[in-house]
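What follows is a short report on a single structure.
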Amino acid sequence: MTQRVVIIGGGQAAVSAALRLRSQSFEGSIEILCEEPGLPYQRPPLSKKYLKGELDRERLHLRPEEVYQDLKITLHRETQAHFIDRLKKHVATSNRGAIVYDKLILATGATPRCLPASVGGDLENVYTCRSLADADLLSGEVRPGQRLLVVGGGYIGLEMAAVAIDLGLEVTLIEMQDRILNRVAAHETAQWFRKLHLDRGVDLREGVGLERLIADGNRATLAALSDGSAVGVDLVVAGIGVSANDRLARSAGLFVENGVLTDESCLTSDPDIYAIGDCAAFPFRGEMTRLESVQNACDQGEYVAEHILGQAPANYLPEPWFWSDQYDVSLKIAGFNRGFDHVVTRPGEKPGAISLWYFIGERLLAVDAMNDAKAYMMGKRWLAKGQSPDQIALADPDLPIKDIPTKDTQAAAAA
Ligand SMILES: Cc1cc2nc3c(=O)[nH]c(=O)nc-3n(C[C@H](O)[C@H](O)[C@H](O)COP(=O)(O)OP(=O)(O)OC[C@H]3O[C@@H](n4cnc5c(N)ncnc54)[C@H](O)[C@@H]3O)c2cc1C
């Protein structure tokens, strides 16, 4: 019988697991160990409304403090898990001694990659944006007229650029790959966002890396770029990806490779230890996959809670979705585009709305919908049902999306 559940990490995945345990009537103890000081919070607004000053700190909290108290979920804040003793089934912590578990959930998230010190990454005005503390430090620097260099053209880098432009900064964004969004989106989506940022005044340079930052005292003032040019900077933000926080798992002898490896039910190589959220790599469509998204963190948290209680299906099957806000554009993504072989473009009903549909053969894999909530909803529905739209009809903007014929491609996918 599981009496004591311990969760390491106090983010979206951890809270989701704890809440689902309680909502499914688990009566044992639930302890969350989190090294951060405050209440668990949502990260997406950190590079969006919070940084822009449009969202109060309290609104970031996943739940008010009373909810944890009422549900008897013990939050150990500013408590770092140092070591997992799998034989004794306890977690050694920085300030609470050893905490015993029956089931342990690793929800340790990820750490942003930093620019190396050898190129000036350790200078005072060089930032990343992962935590509330990072966003608060950045907020102190983003002032109109300042010159911002964003290194990295992924979603976080692009969101940072958009917020900074809206706040009146001068922004240069460099991406060392030949295009932005190289890892996550098709050429067509990248092209759409490139135009958006150029139109708003970002000096966006693709195929250009950072050679080094030149400092005056402890602050970077000039960035030497790989194309031989240089730009003046007042602050620098690195959005160059994250690494899974898998150190604890590794030192406990669990299987780790770009994240804590799990089976289809989110169990690690120890049958009493699960891994969920950004820190976990699980089998998905034939490959070990880490999904860095709120959807995955929340869904895996809920799944694992039910698994502990013997109520979950054998496999965690994600239905991925993601969003990004840049200027007045709301991007919504349904599905997972890995392995696509072509993209179909559909202009939306309203001006400026557009959706890009990823296919492998006849089968729909994902949709990127820009300011087109209808396309996103329909795409999500088709994906959930294993249906794929007729591609010629899809590309016809005069045909209402609800009238587009579909085909069942689930069976083909399973084969
Ligand atoms: C700026 C930003 C914008 C984002 N925007 C979006 C978006 O628009 N849409 C979307 O879907 N996703 C977005 N994401 C991603 C999303 O926020 C993450 O996928 C999600 O937060 C992952 O949740 P998690 O619980 O797995 O990890 P985290 O939220 O990272 O939580 C892990 C926690 O564990 C703590 N921890 C780690 N090790 C230890 C230890 N040894 N002891 C104690 N505590 C420990 C960490 O300090 C952290 O508090 C964004 C992320 C960032 C940073």
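One-based numbering, in listed order, for ligands and for the atoms of each.
Checked against a 3.5 angstrom limit, the closest N/O atoms of Q80 and ligand 1 fall outside it. Considering both main-chain and side-chain atoms, A13 comes within under 3.5 Å of ligand 1 through a nitrogen or oxygen pair.
Of all protein heavy atoms, the one lying nearest to atom 14 (N) of ligand 1 is P44 CG, 4.2 Å. The protein heavy-atom contact nearest to atom 15 (C) of ligand 1 is E292 O, 4.1 Å. From the protein, the heavy atom lying nearest to atom 44 (N) of ligand 1 is E35 N, 3.1 Å.
Contact analysis leaves Q42 out of contact with ligand 1, as no non-hydrogen atom separation drops below 4.0 angstrom.
Contact annotation: for K48 versus ligand 1, heavy atoms closer than 4.0 Å belong to the side chain alone. Under 4.0 angstrom from ligand 1, there are no non-hydrogen atoms of Y155. With a 4.0 Å heavy-atom cut-off, ligand 1 is reached by the backbone of T108 and by its side chain too. With a heavy-atom cut-off of 4.0 Å, T79 touches ligand 1 through its backbone alone. Neither the backbone nor the side chain of D325 comes within 4.0 Å of ligand 1, counting heavy atoms alone. At a 4.0 Å heavy-atom cut-off, ligand 1 touches R130 through backbone and side chain alike.
The shortest non-hydrogen separation linking V202 to Y327 is CG2-OH, 3.4 Å.
When each atom of ligand 1 is checked for a heavy atom of G277 under 4.0 Å away, the hits are 26 (O). Close approach of ligand 1 to G10 (heavy-atom distance below 4.0 Å) involves ligand atoms 33 (C), 34 (O).
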